[in-house]
Amino acid sequence: MATTVIKNNPITKPKLQVDSTGKQKRIGIMGGTFNPPHIWHLMAADQVLNQLGLDKILFIPDANPPHVDHKQAIDANDRVEMVRRAISNHHHFELGLMEINRGGVSYTYDTIRALTIAHPENRYYLIIGGDMVNYLPKWHKIEQLVQMVQLVGVCRKGYEQKSNYPIIWINMPTSDISSTWIRDTLKHQGSVRYFVPDAVLEYIKEKGLYQDESHK
């Protein structure tokens with residue numbers, strides 16, 4: 001639990017809250033487009049789960065990401081199915097469809113607010129790749145968001161572990177694997193074996209995803 005995090009020298013130590021009722025769950029949030037999901041998503045989520053001793057990780061595919069550099073994603077149904085397959089063999093990973101069902105632009109603030117209203121007893125830990133930390137100042141209602149959730153940064157190759165926001169940093173072997181690289185490799189008929197779970201790769205082949213420019 002937190003002992004492991006301390007050993008890994010987090011910049012910000014977790015501010016654990018004790019729940020005397022025993023009803024509180026400590027839940028990690030792994031959001032994203034997952035276009036497609038790959039092993040970094042799974043490894044990072046598992047490290048956060050174990051290093052912080054959380055109860056579970058909720059994977060939440062977005063409907064329409066509010067990225068500064070917008071990337072057109074494939075159909076949400078395909079992304080949801082790939083996430084479902086990717087996490088199917090982990091008992092502490094769950095799929096959340098709130099952003100898909102809500103539609104529109106998927107602001108993290110709206111999602112966390114809805115979760116907090118529905119389950120005020122829970123404590124939420126928002127997992128962010130180290131490559132995304134610099135974008136935090138541009139996030140929708142970021143000041144309000146950091147009041148509702150604990151930010152958790154996972155180190156990524158080539159990115160510093162620093163931010164003006166309170167972040168628990170999780171150390172793990174770095175990798176620059178990305179969904180963009182996987183899509184480009186598939187488009188050029190290259191191999192992504194071991195970079196995505198077998199069940200996800202089977203779905204990609206079955207549906208013929210990322211074979212041309214129509215699947216970005």
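Below, all heavy atoms of this structure are taken into account, side chains as well, without hydrogens, waters or symmetry copies.
In this structure, the side chains of Leu209 and Pro36 stay at 4.5 Å or more apart for every pair of heavy atoms. Looking at Ile182 and Val196, their side chains come closer than 4.5 Å, going by heavy atoms from C-beta outward. Side-chain contact check for Gln147 versus Gln144: every heavy-atom pair is 4.5 Å or farther apart. For the pair Ile128 and Tyr165, the minimum side-chain heavy-atom distance is 4.5 Å or more. A heavy-atom distance below 4.5 Å is found between the side chains of Trp40 and Val154.
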Handout entry: Derivation and outcome, side-chain contact (heavy atoms from CB on, under 4.5 Å), residues Thr185 and Phe195
Key = CA-CA 11 Å; Thr185 302; Phe195 286 90; over 6 Å; no
Exercise for the section: Run the numbers on Met30 and Tyr125 for side-chain contact (heavy atoms from CB on, under 4.5 Å), then give the verdict. Expected result: CA-CA 9 Å; Met30 174 69 88; Tyr125 295 75; over 6 Å; no
Problem - side-chain contact (heavy atoms from CB on, under 4.5 Å) between Tyr210 and Ile74, worked out - result: CA-CA 9 Å; Tyr210 310 117; Ile74 63 171; 3.3 Å; yes
Handout entry: Verdict with reasoning, Leu42 to Phe59, per side-chain contact (heavy atoms from CB on, under 4.5 Å)
Key = CA-CA 10 Å; Leu42 303 177; Phe59 284 73; 4.2 Å; yes
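Judged as a side chain to side chain donor-acceptor pair (under 3.5 Å), not a single pair has a partner in residues 188-200 (not counting sequence neighbours).
The environment of His119 atom NE2 is sparse: at most 12 non-hydrogen atoms of other residues, nucleotides or ligands sit within 6.0 angstrom.
Shown here for Val152 and Ile167, the closest heavy-atom pair between the two residues is C-CG2, 4.1 Å. Of all non-hydrogen atoms in Val83 and Pro61, the two that sit nearest each other are CG2-CG, 4.1 Å. Taking both residues in full, the closest heavy atoms of Tyr135 and Trp139 are given as O-CD1, 3.1 Å, listed atom of the first, atom of the second, then distance. A pairwise comparison of heavy atoms in Ala86 and Val200 identifies CB-CG2, 3.7 Å as the closest pair.
Between Asp62 and Arg79, at least one side-chain nitrogen of the basic residue sits less than 4.0 Å from a carboxylate oxygen of the acidic one, meeting the salt-bridge criterion. By the 4.0 Å N-to-carboxylate-O rule, Glu202 lies too far from Lys205 to be salt-bridged with it.
With sequence neighbours excluded, the residues satisfying side-chain hydrogen bond (donor to acceptor under 3.5 Å, both in side chains) with Asp46 are Asn50, His90. Residues satisfying the ring-ring contact (aromatic ring centres under 6.0 Å, His included) test with His41, not counting sequence neighbours, are Phe34, His38. Residues satisfying the side chain to side chain contact (heavy atoms under 4.5 Å, CB included) test with Ser178, not counting sequence neighbours, are Thr180, Trp181. By the side chain to side chain contact (heavy atoms under 4.5 Å, CB included) test, Ile39 is found to be paired with Met43, Ile177, residues two or more places apart in sequence or in another chain being considered. For Tyr203, the side-chain hydrogen bond (donor to acceptor under 3.5 Å, both in side chains) test picks out Asp78, with sequence neighbours left out. Take Arg156 and apply the side-chain hydrogen bond (donor to acceptor under 3.5 Å, both in side chains) test, not counting sequence neighbours, and it matches no residue.
To the nearest 0.5 Å, the span separating CG on Leu58 from CG on Asn122 amounts to 10.5 Å. One distance of note links CG of Leu54 with CD1 of Ile127; it measures 7.0 Å at 0.5 Å rounding. Between Ile29 atom CD1 and Gln150 atom CD the span is 13.0 Å, to the nearest 0.5 Å.
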Run the side-chain donor-acceptor check on residues 92-108: report pairs under 3.5 Å with partners two or more places apart or on a different chain.
residue: His92; atom: ND1; partner: Asp55; partner atom: O; Å: 3.2
residue: Glu94; atom: OE1; partner: Lys56; partner atom: NZ; Å: 3.0
residue: Glu99; atom: OE2; partner: Thr111; partner atom: OG1; Å: 2.6
residue: Asn101; atom: ND2; partner: Leu97; partner atom: O; Å: 3.2
residue: Arg102; atom: NH1; partner: Thr111; partner atom: OG1; Å: 3.4
residue: Arg102; atom: NH2; partner: Thr111; partner atom: OG1; Å: 3.1
residue: Ser106; atom: OG; partner: Ala63; partner atom: N; Å: 2.8
residue: Ser106; atom: OG; partner: Asn64; partner atom: N; Å: 3.4

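Considering Leu151, Leu136, Leu126 as possible partners of Val146, the one that fulfils the side chain to side chain contact (heavy atoms under 4.5 Å, CB included) test is Leu151.
Side chain of Gln51 to main chain of Asn171: a donor-acceptor pair is present (N/O by atom type, distance under 3.5 Å, no hydrogens or angles). Under a 3.5 Å cut-off, the side chain of Arg123 and the backbone N or O of Gln24 do not form any donor-acceptor pair.
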